[in-house]
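Okay, so here's the structure we're looking at.
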Amino acid sequence: MSAPAPFSEDQADAFDNVAEMLARAGVDLLDGALTPRAEGRGGEVMAVIGKAGSGKTTLLSQLYGGLVEAGVEVVSGDWEGRRRRDRRTLAILAPTNKAASVLRGHGVPATTIHRILYTPVYDPEYEKIAEWLAGNGERPVVVGLSDAALDRAEAYYRSNPSIPGALAAAGLRGSDFILGWKRRDDPLDIGFVDEASMLDERQFDDLKEIFPTLVLFGDPAQLAPVGQSGEMVFDRLPEKRRKVLHRVHRQAADNPILDLAHALADDSLEFEGFERMVEDAARRDDRVVVAQRVEADLMARSPVLVWRNVTRIRLIQAFRGAYGAPPDALLPGEPLICDGIELPLKQRKKRLDLEARGLIKGQQVIYLGPGKRPGFSRLHVIGAEDPQVSAASIVKIELPDEEEPFIPFAANMGAVFLHGAAVTIHKAQGSQWPQVQVFAPDLWAAARAGRVEAGQPLWKRLAYVAITRAQERLFWVTRYRMARPEAPLTADDVLKIAAPRLELSPEEDGA
């Protein structure tokens, strides 16, 4: 089996090995032939690993294209329609909405792991609309919905094939057409997982239960999940199941940001020598900037990346002070990070509802303003396909030298948020921004601490992850200073994104 011509030798080898695994599962990329999935067939897992710029995303995109040409259907997690025995499916997953949106920017219809593990339960009346939009039924007549509303849903679905988004365009709230969420009972088929270095053992086990054919794409130089001793889930696979991409491609080789990231592999390189490399790169190329202070304007949409929590909290306070944010309220446009869901076990359905809409731990959102009910917030979920939601919220503003955070407002229960103007490098994994500020004094502190993770100095792993979050420009910040913002903080930029708002409205006794 031959891989596409533009591939390098290691990409071609990985493509062929994945294609052979797919052929054993009944999907022949060469001939475009499909056979029904064999029930109970033993699972196969393969990993494609490589550092930034080695072509993992290109390979994933080509495999996706080949599967679609062969007749494999893509499962989004929003709606799967009627099942057929001869149907072969592919789900392309990422741990976070932001990571999934990076893939969608490359034309790959990715969704989050949560949206596959948990499936929506639709109201039967509105299920008819979903079947019609998916091409599996006639245009329905639904009490309470006009022809104009159905036309809006159809127009939305044509431009953005999202069933919840289309129903929201018809004027429905999420609580109208989704009765709840349930753990997926039946297995799927083929799964591709990007940013697999972020997977923990429990997620990996869940995915192996659901997908008899699973391909992981990951970067072995990133930080392993907390509690896994520097080991990633693909490290335990047999060597023949791990295909390594070594070559750095031309578009990556011309990138000074990736040059710096790959230089960290030199065992003899010390922190001081690396900083000189950053300074040299900044003199040659304006895509690398050595900055004397943090830019508050950039923090509003791309957080400063730090190692230590104390640094994160102080930078957040400096950011809020620079914009004149009141201590007892949030300004529209302030960035937040979801820190989990606070709901009792009896409210499991509501927890799944919030998580399935993107409010999972580590998710970045922008605060748009208060909701219609006390404790509710209107939010823009960064990277989500349907980004604007309203949810019961508990917002915590951490303060320097204070054990307990200040809570400007809160629902009784709901999604918990920390401020997002600065985040730890661990939490930044899976995300990318056009411009990224890396707080170098924290990396220097990590180098001085002398810690080692998986046989490599921790500061090098931190630096690698932080640097590779930058898509276009890297700011290497060297001082504890902050530049004042050039304009007031607003949410106008995200409000311009045309997407209907989904209302998450738990009952009064729930959130």
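The basis for the numbers below is simple: all heavy atoms, side chains too, and nothing from hydrogens, waters or symmetry mates.
With sequence neighbours left out, E334 forms a side chain to side chain donor-acceptor pair (under 3.5 Å) with R320, H419.
Contact annotation: the side chain of L458 approaches that of W307 to within less than 4.5 Å [non-hydrogen atoms, C-beta and beyond]. Between V233 and E201, some side-chain heavy-atom pair lies under the 4.5 Å cut-off. Using a 4.5 Å heavy-atom cutoff, the side chains of I92 and T111 are not in contact. Within the 4.5 Å cutoff, the side chain of W444 has heavy atoms near those of the E272 side chain. Side-chain contact between F439 and V294 is present, with heavy atoms from C-beta onward closer than 4.5 Å. The shortest side-chain heavy-atom distance between M46 and K243 falls under the 4.5 Å cut-off. Annotation: side chain of L305 is not in contact with side chain of Q437 (no heavy-atom distance under 4.5 Å).
Checking T490, L489, V494 one by one against D492, the side-chain contact (heavy atoms from CB on, under 4.5 Å) holds for a single residue, T490.
Under the 3.5 Å distance criterion, the side-chain polar atoms of R287 are left unmatched by any main-chain donor or acceptor of N255. Although no hydrogens or angles enter the test, the distance criterion places a donor-acceptor pair under 3.5 Å between the side chain of R473 and the main chain of D286. Between the K56 side chain and the G50 main chain, a donor and an acceptor come within less than 3.5 Å of each other. Side chain of K460 to main chain of A221: no donor-acceptor pair is present (N/O by atom type, distance under 3.5 Å, no hydrogens or angles). A distance-only check finds no donor-acceptor pair linking the side chain of S302 to the backbone of M299 [under 3.5 Å].
Taking 4.0 Å as the cut-off between side-chain N and carboxylate O, R484 and D297 do not count as a salt-bridged pair. Between R308 and D442, at least one side-chain N (NZ, or NE/NH1/NH2) sits under 4.0 Å from a carboxylate O, which counts as a salt bridge.
Across D10 and V244, no two heavy atoms sit closer than the pair CB-O, 3.9 Å. Counting all heavy atoms, side chain and backbone alike, G430 lies closest to T96 at O-OG1, 4.1 Å. Heavy atoms only, all atoms of each residue included: L245 and A14 are closest at CD2-CB, 4.1 Å.
Because its NZ or CZ atom is not both nearer than 6.0 Å to the ring centre of F211 and within 45° of the ring axis, K208 does not count as a cation-pi partner of that residue.
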For this session: Please lay out, stage by stage, how T57 and F217 fare under the test side chain to side chain contact (heavy atoms under 4.5 Å, CB included).
Result: CA-CA 8 Å; T57 301; F217 296 82; over 6 Å; no

